[in-house]
Amino acid sequence: MGTASTAHLNTQNSPSAEASLVEKTKGGYPFIPKLVLYLPEKLDIDKILNQNPPQFSYKRDRFVYILDLIYSLPSRKKKSIENYSGFTPINKSILGSIIKNYRDYINYLKEHKIVEESSYTNGVVSAGLRFREAYRSILKPVEITSWPLIKNITYLRDHQDFEISYQLEYLKSWFFGKLTIDIEGATNYLMEEYRKDLKNPDIAYPHLRLNSRLYPIEKLYRDNQKLFFVDKTAGRLHTYLTQLKSNLRKFIKFDGKTLCAVDITNSQPYLLQALLSKEGYDRNDMQDRIIQAHPILESDSSLIIMLGVLIDKISKESDVQLFKEIVSSGRFYEEFGKILNENGEIEETSLAEIKGAAKEITFSTLFSKNSSIKFIKSIQLFQKQFPNVYEVLKFIKNGHHPTLAVVLQNLEADLVLHKTCKIITEERPEIPLFTLHDSIITTEDNVEYVEQKLKEILKKYIGAEPTLKIERWE
């Protein structure tokens, strides 16, 4: 695999240069004259199309978009690399809504030995694409200029909540101007990791790992639009920072200053407390959040009324109080693991192993189907230790198990984005703010103030003092 040939600078475009790229509207949408996508460095799609013109009406930019998905999709979902034999699963119904004759494009790419396609497994995984061996090289930026395509992939996505995204535009502004990316340093780091992966027999797809990790920081560096949207499912904000491999954060600065993340320790168990007392349940509008996330429940249904009664009933139980107590310690997984270890429920010996086991048990309980308790011991252990907490979780997940995860994520987004960041911006508009779901990122000179505000908001709404952790991006 070669190295990147394009010269890189360590700064981004100025705000005025960025603003000039979006200066008029078309069809009611802000016009974007060009968009940067990515292809393998070894692939010259324009040369191939000129030498072998497709025998159907085609647009060059549509080829670029389809090929870009091979890297961009796994950059958002890292697990897909290992899970799908190096193929990137591509939902053809979504692709068909953007490019109606997408099959002609894929067949052309297969016929000219640019990509390979995996088979479709009904109900399990979409058919996937991967580059042929000859084109497995580091990615390079390629511009597209087709306005209908750019509009479709930028504005017409059903999963994006544009109204809420627009409300957070004040956070998007910080991505322009003084945010600097050491793209050369990041690329060199990833190339070194890639060389290690090549020697590691356990790493099956090193080229895909390299490019899916490089993709978000390249886009953060070059993309004039900057990924910035709130999803309709949980109300979480998605940016290139949320896709970024954690080891690449040290290559990002703001105005030359080190960035620091103020992170909620044990955020899922901490936020869960809003479902373990009637006061917290009402104060955080948890009923409305649950109804919105659960396809069966309605505000006047007997089930939602029963849930409120259940939460009120169990709030003073000893296991609920123990749960809250160890959450408040800021060491939930360590303390829960210690209890399990002392009771002989787990055999791990090192602190890291004990913490890991407790975390696995907690996450299995929070996010698995209720029926999983029959064959997953970790969920049985959680129920044994926290029976009344488990009853609440089981009730909320009944009939639609993703509800709990969505509700906790929605609460997190509300407290971090719409309450804490909003108040900070109103009081101190000069403070740069970025978010990473349960973290707020700012420059090191503003950490103390941001930490104070986040702590105030969390204690006000959750009713318990949070434990916050500061992570320096260096």
Side-chain angles (χ1 to χ4, degrees), residues 77 79-80 82-84 89 91 120-126 159 231-234 236 266-276 281 286-299 301-315 317-320 322-323 326-327 332-333 336-337 339-340 343-348 355-412:
K77 299 181 180 179
K79 291 182 180 178
S80 64
E82 278 72 31
N83 289 356
Y84 305 120
N91 187 306
Y120 166 73
T121 305
N122 187 29
V124 179
V125 60
S126 302
H159 65 285
D231 68 67
K232 287 183 177 179
T233 303
R236 276 183 151 186
N266 308 329
S267 62
Q268 298 298 318
Y270 175 78
L271 295 171
L272 186 58
Q273 294 177 101
L275 293 166
L276 299 178
Y281 183 76
M286 300 308 288
Q287 175 176 299
D288 292 342
R289 298 182 201 276
I290 292 168
I291 291 170
Q292 185 175 359
H294 202 298
I296 299 174
L297 297 179
E298 297 178 359
S299 59
S301 74
S302 60
L303 287 174
I304 200 70
I305 295 170
M306 288 169 62
L307 175 59
V309 172
L310 173 64
I311 290 172
D312 192 36
K313 177 184 175 183
I314 60 92
S315 61
E317 295 294 334
S318 59
D319 66 294
V320 176
L322 176 62
F323 181 89
I326 61 177
V327 166
F332 177 81
Y333 301 119
F336 180 31
I339 293 171
L340 292 169
N343 291 344
E345 304 288 4
I346 58 175
E347 299 178 357
E348 285 76 1
K355 178 182 177 181
K359 191 169 185 176
E360 179 186 348
I361 289 169
T362 303
F363 275 64
S364 293
T365 305
L366 293 180
F367 307 129
S368 297
K369 294 181 179 179
N370 286 339
S371 59
S372 299
I373 193 171
K374 298 175 183 177
F375 51 86
I376 298 181
K377 183 184 177 184
S378 59
I379 303 177
Q380 297 168 11
L381 292 176
F382 188 97
Q383 182 194 36
K384 182 178 180 180
Q385 193 63 53
F386 304 113
N388 287 291
V389 175
Y390 179 78
E391 282 304 306
V392 173
L393 307 186
K394 183 176 74 170
F395 197 109
I396 293 171
K397 293 192 297 176
N398 188 40
H400 189 251
H401 77 277
T403 296
L404 181 63
V406 170
V407 165
L408 293 178
Q409 290 172 3
N410 183 253
L411 175 61
E412 166 198 275

Exercise. Which value, rounded to the nearest 0.5 Å, describes the distance between Ile396 atom CD1 and Met286 atom CE?
Worked result: 7.0 Å
List the atom pairs, donor and acceptor, that lie under 3.5 Å between side-chain atoms in residues 368-377 and the rest of the protein, sequence neighbours left out.
unit_1	atom_1	unit_2	atom_2	d
Ser368	OG	Ser364	O	2.8
Asn370	ND2	Lys394	O	2.9
Ser372	OG	Lys369	O	3.2

Exercise. Out of curiosity, Asp319 CG to Gln383 CD, how far, rounded to the nearest 0.5 Å?
Worked result: 10.5 Å
For this session: Answer yes or no: is there a side-chain heavy-atom contact under 4.5 Å between Ile314 and Glu391?
Result: no
Exercise. By side chain to side chain contact (heavy atoms under 4.5 Å, CB included), which residues pair with Ala358, not counting sequence neighbours?
Worked result: Tyr333, Phe336
Exercise. Out of curiosity, Leu310 CG to Leu303 CG, how far, rounded to the nearest 0.5 Å?
Worked result: 11.5 Å
For this session: Grab the two heavy atoms, one from Leu297 and one from Ile290, that are nearest each other, plus how far apart they are.
Result: CD1-CG2, 3.6 Å
Exercise. What pairs with Asn91 under side chain to side chain contact (heavy atoms under 4.5 Å, CB included), at least two apart in sequence or on another chain?
Worked result: Ser93, Ile94, Ser126
Exercise. Can you check whether Val320's main-chain N or O pairs, donor with acceptor, with Asn388's side chain at less than 3.5 Å?
Worked result: no
Do any side-chain atoms of residues 400-410 form donor-acceptor pairs under 3.5 angstrom with protein atoms, and if so which ones, sequence neighbours left out?
unit_1	atom_1	unit_2	atom_2	d
His400	ND1	Thr403	OG1	2.9
Thr403	OG1	His400	O	2.9
Asn410	OD1	Arg289	NH1	2.7
Asn410	ND2	Ala234	O	3.0

Problem set entry | 4.5 Å side-chain heavy-atom contact, Thr365 and Val389 | no
For this session: Calculate, to the nearest 0.5 Å, the distance between atoms CD1 and CE belonging to Ile311 and Met306 respectively.
Result: 12.0 Å
Problem set entry | Spatial distance of atom OG1 (Thr362) from atom CD (Glu360) [nearest 0.5 Å] | 10.0 Å
For this session: List in chain and number order the residues that pass salt bridge (Lys or Arg N to Asp or Glu O under 4.0 Å) with Lys355, two or more places apart in sequence or in another chain; answer none if no residue qualifies.
Result: Glu334
For this session: Search all heavy atoms of Asn266 against all heavy atoms of Pro269 and return the closest pair with its distance.
Result: O-CD, 3.2 Å
For this session: Report the residues that fulfil ring pair (Phe, Tyr, Trp, His ring centres under 6.0 Å) with Phe323, sequence neighbours left out, ordered by chain and then residue number.
Result: Phe332, Phe386
Exercise. Under the salt bridge (Lys or Arg N to Asp or Glu O under 4.0 Å) rule, what pairs show up with a residue in residues 381-390, not counting sequence neighbours?
Worked result: Glu345-Lys384
Exercise. What's the spacing between Leu381 CG and Ile339 CD1 if we round to 0.5 Å?
Worked result: 12.5 Å
Problem set entry | Test item: Leu393 and Leu272 side chains (from C-beta on) under 4.5 Å apart, heavy atoms | yes
Exercise. Taking only residues two or more places apart in sequence, or in another chain, which ones meet Glu412 in a side-chain hydrogen bond (donor to acceptor under 3.5 Å, both in side chains)?
Worked result: Arg236
For this session: Determine whether Gln385 and Leu322 make a side-chain contact, defined as any pair of heavy atoms from C-beta on separated by less than 4.5 Å.
Result: yes
For this session: Check Ala357 against Ile346 and note the closest heavy-atom contact, atom names and distance.
Result: CB-CD1, 4.1 Å
For this session: Could you list the residues that satisfy side-chain hydrogen bond (donor to acceptor under 3.5 Å, both in side chains) with Gln268, not counting sequence neighbours?
Result: none
